[in-house]
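Below is one structure, written out as structure tokens; comments come after it.
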Number of protein chains: 2
Amino acid sequence: MSNTPLRLPPLKSLLAFRHAARSLSFKDAAGQLHVTQAAISQQIKTLEETLGVPLFERHTRQISLTHEGQYLFEHAEKAFELLETGVKGIIDDPNPNTLVISTLPSFASRWLVSRLGHFQEKEKDINIHLSPSLSLASFSDGNLDLSIRLGQGTYAGLRSDLLFDEFLLPVCHPALLNNTKEIKQQLAALPVITDGGPDLIHVWPEFQRYLGSTNTPLKSHLHVSDSTILIEALLSGQGITMARFSLVYELIEKGQLICPLPIYVKSYYSFYLVAPAPHFKHHKVTTFISWLKGETKTIEASWQAYLKAHPELEKLEISYGKIEDGC
Amino acid sequence: MSNTPLRLPPLKSLLAFRHAARSLSFKDAAGQLHVTQAAISQQIKTLEETLGVPLFERHTRQISLTHEGQYLFEHAEKAFELLETGVKGIIDDPNPNTLVISTLPSFASRWLVSRLGHFQEKEKDINIHLSPSLSLASFSDGNLDLSIRLGQGTYAGLRSDLLFDEFLLPVCHPALLNNTKEIKQQLAALPVITDGGPDLIHVWPEFQRYLGSTNTPLKSHLHVSDSTILIEALLSGQGITMARFSLVYELIEKGQLICPLPIYVKSYYSFYLVAPAPHFKHHKVTTFISWLKGETKTIEASWQAYLKAHPELEKLEISYGKIEDGC
DNA sequence: CGCCATAGTTAAGAAATACTTAACCATAGA
DNA sequence: TCTATGGTTAAGTATTTCTTAACTATGGCG
């Protein structure tokens, strides 16, 4: 007998065979594999032609295994059980009691950290490791369970679930404004604070147009490294910015910051839960996501309440060119 | 943990992974699987994304397995070994000492049977079961090893290897002709013997044209069930036919039959060895085929010698319409 | 007994997957 | 320092798998 290495028949047809042989029904096998009966029929036919032997006897509406079919089934069943065991062991959570989350430092410090106590009290057997990151952290080394990012949800090879949409408001310290001049004039004189978020880049032209100073450079400009610093700069009265609602709405509610103009923008970035698809099946992840979605409902509720309390708010429509994926 | 049934990742990517993990080289895995290195690279990437974990660590030009990769490899290796064992057991010959051959009764009786003694003497451990059949016998019940058919070699789901080409000659008993009249006139008066072979149907119009009697029905017509009877009819002087060279050349050499006209036709049917592809790997089949090809060289040699001895032979070109697959 | 539902089959076309090619990157070795 | 090597990726092509629709041969029910 030749020693040339064996070339397996199409593996899909072997899997189809295994299911058909186990249930002795092409129809049932089709249901199990989420394909049509015709697909199974064709797969089995191809397999029989490739192997050169019949694997089933046909009895019009029923099938039974031939001797060779029985022999092959015994091997195929064990083989696919092994594959299933191996794959399941891979995608099962190797560390079910520790949830490693990466998110924006600003979102972590301004919103999430202060709420995590509630989660930990509720879920005592899940430890949270919060890992701030300005950009999408890599899942490639296997040490990260979930990422909460602001972006477009288009991360290659990863699943992204929308958490909540983001809105941008003009925000500053109340002490920066008084009644001696018109608000727009006062604002035009304030430094603008930016943090490099790509969704903001497209907003300034509109902002300036609203202030009536189209196509002139920003008078004064404070650029900070991320939104955490940006919020601190706002709170210390360094200037004005279009701030993300999720980060400032509690400060506005407390009167520590104000929204001096009746305008807002819907960011084309939203907050997403991002991870490899199998991570979304881990108990600790699904538990955290359920809790988080409950908590972020307060952001959405606050936004709706804010809109209701300020009917004069006007939505600026931004025209975008090439949009980055997000951060 | 959810009880929803596990859906395996693409099986091809698991096989690619297995080979890459075993040799720790995408390049080597590509060679083993007869694809390009890029294909393996993409398969592994897809698998890692689907499973949500890295399986290899990359070191520019080298790879090593991660912990999860090692775990999965152990399962995958065993699983594919099982599949290979099962498949090999299927396509290996369950009955290596008995070769069941189906062929045309005419070819069996006129040519093959008388030579099989030589084969059996040469190969004492292979028993031949010769099973005459007017049409292609089914391989579906697993009791047939090889078929020798006259056709176009286009049998669905089966492999067909050309054995030899067939030629058609006008043949009759020598006693049917004398010197009193011109040969063509005498032949036109003879009954035509046919056996239903589709390759003959298209020949008669040309035959008649050659005799100078275009578009008139055959004067007299003896139809028999197959070529075995046809040869007996020829030998008993019942008429003329366009006979297959392989069946009559020995009778012509002995003077028992003659070819009264210097014409011939190349049949669009040829003799083929037909079987499910794996059967061509069985030792008994390859042994028989080697022997048979040696023996059928005498037919081809005889044909070439016949052409050389009769340089006046003219090849008639037949125009065909829709052609049947053969028998 | 006739009709309807059922499971398997097949052909043709569409959808999805896998592969190739070419260009690229980061080394390692000569 | 330059070249060869193994892995990566994008774009386009080839192949495989699937769906749909029509078909066949039952088996069971009214």
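In what follows, every chain begins at residue 1, and chains take the letters A, B, ... in the order their sequences are listed. Just the heavy atoms: all of them, side chains too, but no hydrogens, waters or symmetry mates, feed the values below.
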Handout entry: Among D/dG7, C/dA18, D/dT9, the nucleotide that comes nearest once only the side chain of B/Phe26 is considered
Key = D/dG7
Handout entry: 5' precedence on DNA chain D between A/Leu33 and A/Thr60 (nearest-nucleotide basis)
Key = A/Leu33
Exercise for the section: Kindly confirm or rule out a cation-pi arrangement of A/Arg149 over A/Tyr155, judged by NZ or CZ under 6.0 Å from the six-membered ring centre and within 45° of its axis? Expected result: no
Exercise for the section: Identify which nucleotide among C/dG8, D/dA4, D/dT19 has an atom closest to any side-chain atom of A/Ile63, counting heavy atoms from C-beta outward. Expected result: C/dG8
Handout entry: Rounded distance (Å) that lies between atom P of C/dA26 and atom NE2 of B/His59
Key = 17 Å
Exercise for the section: Output the single nucleotide from C/dT27, D/dT8, C/dT9 whose closest atom is nearest the side chain of A/Arg58. Expected result: C/dT9
Exercise for the section: Please examine the side chains of B/His282 and B/Phe288, heavy atoms only from C-beta on, and report whether any two atoms are closer than 4.5 Å. Expected result: no
Practice task
For A/Lys12 and D/dC18, give me the distance from atom NZ to atom C1', rounded to whole Å.
Solution key: 8 Å
Exercise for the section: Measure from the side chain of A/Arg61, starting at C-beta and using heavy atoms only, and say which of D/dG27, D/dT8, C/dG8 lies closest. Expected result: D/dG27
Handout entry: Under-3.5 Å donor-acceptor pair between B/Gln37 side chain and D/dG7 base
Key = yes
Handout entry: Pair A/Ser106-A/Asp226, side-chain donor/acceptor within less than 3.5 Å
Key = no
Practice task
Report the nucleotide, chosen from C/dT10, C/dT21, C/dA7, that has the shortest atom-to-atom distance to any side-chain atom of A/Ala38.
Solution key: C/dT10
Practice task
Please tell me which of the listed nucleotides, D/dT19, C/dC19, D/dG7, lies nearest to the side chain of B/Ser41?
Solution key: D/dG7
Completion exercise
DNA chain D nearest-nucleotide lookup for B/Ser25 and A/Leu11: closer to the 5′ end is B/Ser25
Practice task
Count the heavy atoms belonging to other residues, nucleotides or ligands that lie under 6.0 Å from CD of A/Gln62, then report whether that count exceeds 12.
Solution key: no
Exercise for the section: Spell out yes or no: do the side chain of B/Gln42 and the base of C/dT20 have one donor N/O and one acceptor N/O closer than 3.5 Å? Expected result: yes
